[in-house]
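All remarks here apply to the structure that follows.
Only a predicted model underlies this, so the values are computations on that prediction, with no experimental measurement involved. Chain letters run A, B, ... following the sequence lines, proteins first, then strands; residues in each count from 1.
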Number of protein chains: 2
Amino acid sequence: MEIGRSYSRLLTRLERAAVLTGADRELIADLPLSVANVEAGAAITAGHGERCFLVVNGFACGSQRLGGNKRQITSIFVPGDFAGLNGFLLPAATEHLSALGPAVIAALPCDALEDALHRSPRLAQAFRRRGLVEAAILREWITSLGRREALARVAHLICELVFRLQTVGLAGDLYVPICWTQVDVADACGISAVHANRVVQELRRLNLVEWTNKHLKVRDWDALAALAEFTGDYLREQAVQVRQSRIETPALASLGN
Amino acid sequence: MEIGRSYSRLLTRLERAAVLTGADRELIADLPLSVANVEAGAAITAGHGERCFLVVNGFACGSQRLGGNKRQITSIFVPGDFAGLNGFLLPAATEHLSALGPAVIAALPCDALEDALHRSPRLAQAFRRRGLVEAAILREWITSLGRREALARVAHLICELVFRLQTVGLAGDLYVPICWTQVDVADACGISAVHANRVVQELRRLNLVEWTNKHLKVRDWDALAALAEFTGDYLREQAVQVRQSRIETPALASLGN
DNA sequence: CGACCGATTGACACAGCTCAAATGAAGTGG
DNA sequence: CCACTTCATTTGAGCTGTGTCAATCGGTCG
């Protein structure tokens, strides 16, 4: 049923981005997933390039390392997200994948997913939208790292996370079971671990969040969003203007800038 | 001939990512571009959403603004790059486009490009690769902003810029005519204008670059790259492993993570 | 010549970093 | 059930990279 839930999360999201048929849903349900538990912080590398990964439970992240053992998390994947989808097309463009806290990850051959997308233009379109949103997320992170101070950065991360979870039917009550280390937070926000601690404490002191080892609870969403200058606009996958003539055209997919 | 050169830059790059036929080249050459000069710093908005833009000469950038008039440049486009390609698919995912220094920009209807890509799977594949590289660039910027100090950040920006220019046949001699403001540099690197100035001076003092109002010249590439911890890996569009079965599948396009 | 814009400098303030040590929580083995 | 280890969080103190403010300088253009 773990897997069942993950399908439904994925579907929830896809249906938001495009109108799916029963056949489309079957295509998704028939994907040959092999599920595995991954330890906190462990790398996800099984069949890298050949396979891609669906986050079933918990979180995964892509990261990059610099000299002096510096680490930067470049993307975060929540349940229902796919990771490692481009490795087979462009191996050089791959990032290191690992679990953020303990996670349940399903691997599947890229071919299989590719096939499904090839069969359903609607699925393909939904995935293309997804890709654009991911690019938008990256840009938002750039803005955050470049122009927000630490407190706002962490606040923004929380807002984004909760918002994204909500689009797959989680965190409806602003509560998230989440086992991140403060080092994880630091590496995601480009700050030091010590400072991450101080920022978290400040967020608590301001009564904006409740955040422990095991869970995160947003106590005052509006104030948090205001502090972070967060709006969820960039995360919306809905087509605002749908044009018939464009539904069937897979080509423009990843032009995204 | 301005336009002719821009076609050839675009082709240079595309040929590197995929094997094109004469027909493919014609498809590109037949794109209905309307070229225009854009003043330094001016916004590029003509027919936003309906049209996308090919940089012919100079530079363009995507940026985002935060309260307190803070500005962050989230992407840079060099000659031969397309910008604004996703607006019509997902309007919310659009960024502000503007010229960095005076530029020559060609606009064309998204439909036209879409059509060309629809007709040639090879072109479509090349553009998909392009999209993956753009995502890789965004991730690299995140790492830069999060974990490099100002000097290395600026150095990295220069390296990336020169490297990208070289893939379209420019800056072969490490010389670039470039009319950026130091404020532009600051906004790209997430630092203050004053500090940008000091960093540039330091780069000069170290004899790594020569950088004025009008041009940029890298004097010691190796040292600059070492300082920036730069490698061009993430910018390579070449298929390392080409598999026949995958050439024709447009779907996976923008799954990019 | 004046006006304007970008580059440059200097002085000072502060956010965030580093180092180092203490505290706390969870798990292991005896 | 108690040492003992281990790992994450927390705290303190001092340091430094970068930001802010406010002038000044220099070139360009009308």
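- The CD-P distance, from A/E149 to C/dA13, rounds to 19 Å in whole Å.
- Residues B/F230 and B/F163 bring their aromatic ring centres within 6.0 Å.
- The separation between B/Q182 atom CD and D/dT18 atom C1' is 16 Å, rounded to whole Å.
- The closest side-chain donor-acceptor pair between B/R147 and B/T143, if any, does not fall under 3.5 angstrom.
- A/H215 and A/T212 form a side-chain donor-acceptor contact under 3.5 Å, judged by distance and modelled atom types alone.
- Between B/R204 and the phosphate of C/dT8, there is a side-chain N or O to OP1/OP2 separation shorter than 4.0 Å.
- With hydrogens and angles ignored, a donor-acceptor pair closer than 3.5 Å exists between the side chain of B/R198 and the base of C/dG10.
- Listed candidates were C/dG6, D/dA22, D/dT9. Nearest to the side chain of B/V194 is D/dA22.
- A/E95 and A/S75 are linked by a side-chain donor-acceptor pair at a separation below 3.5 angstrom, with hydrogens and angles left out of the test.
- Taking atom CD on B/E39 and atom C1' on C/dC5, their separation rounds to 14 Å, with Å as the unit.
- Atoms NZ (B/K214) and P (C/dC5) sit 15 Å apart, rounded to a whole Å.
- Residue A/Q201 places none of its side-chain N or O atoms closer than 4.0 Å to OP1 or OP2 of D/dT9.
- Here B/N197 does not reach the OP1 or OP2 of C/dA7: none of its side-chain N or O atoms lies under 4.0 Å away.
- Atom-to-atom, NE2 of A/H195 to P of D/dG14 comes out at 19 Å; the value is rounded to the nearest Å.
- Here A/S192 lies in heavy-atom contact (under 4.0 Å) with a base.
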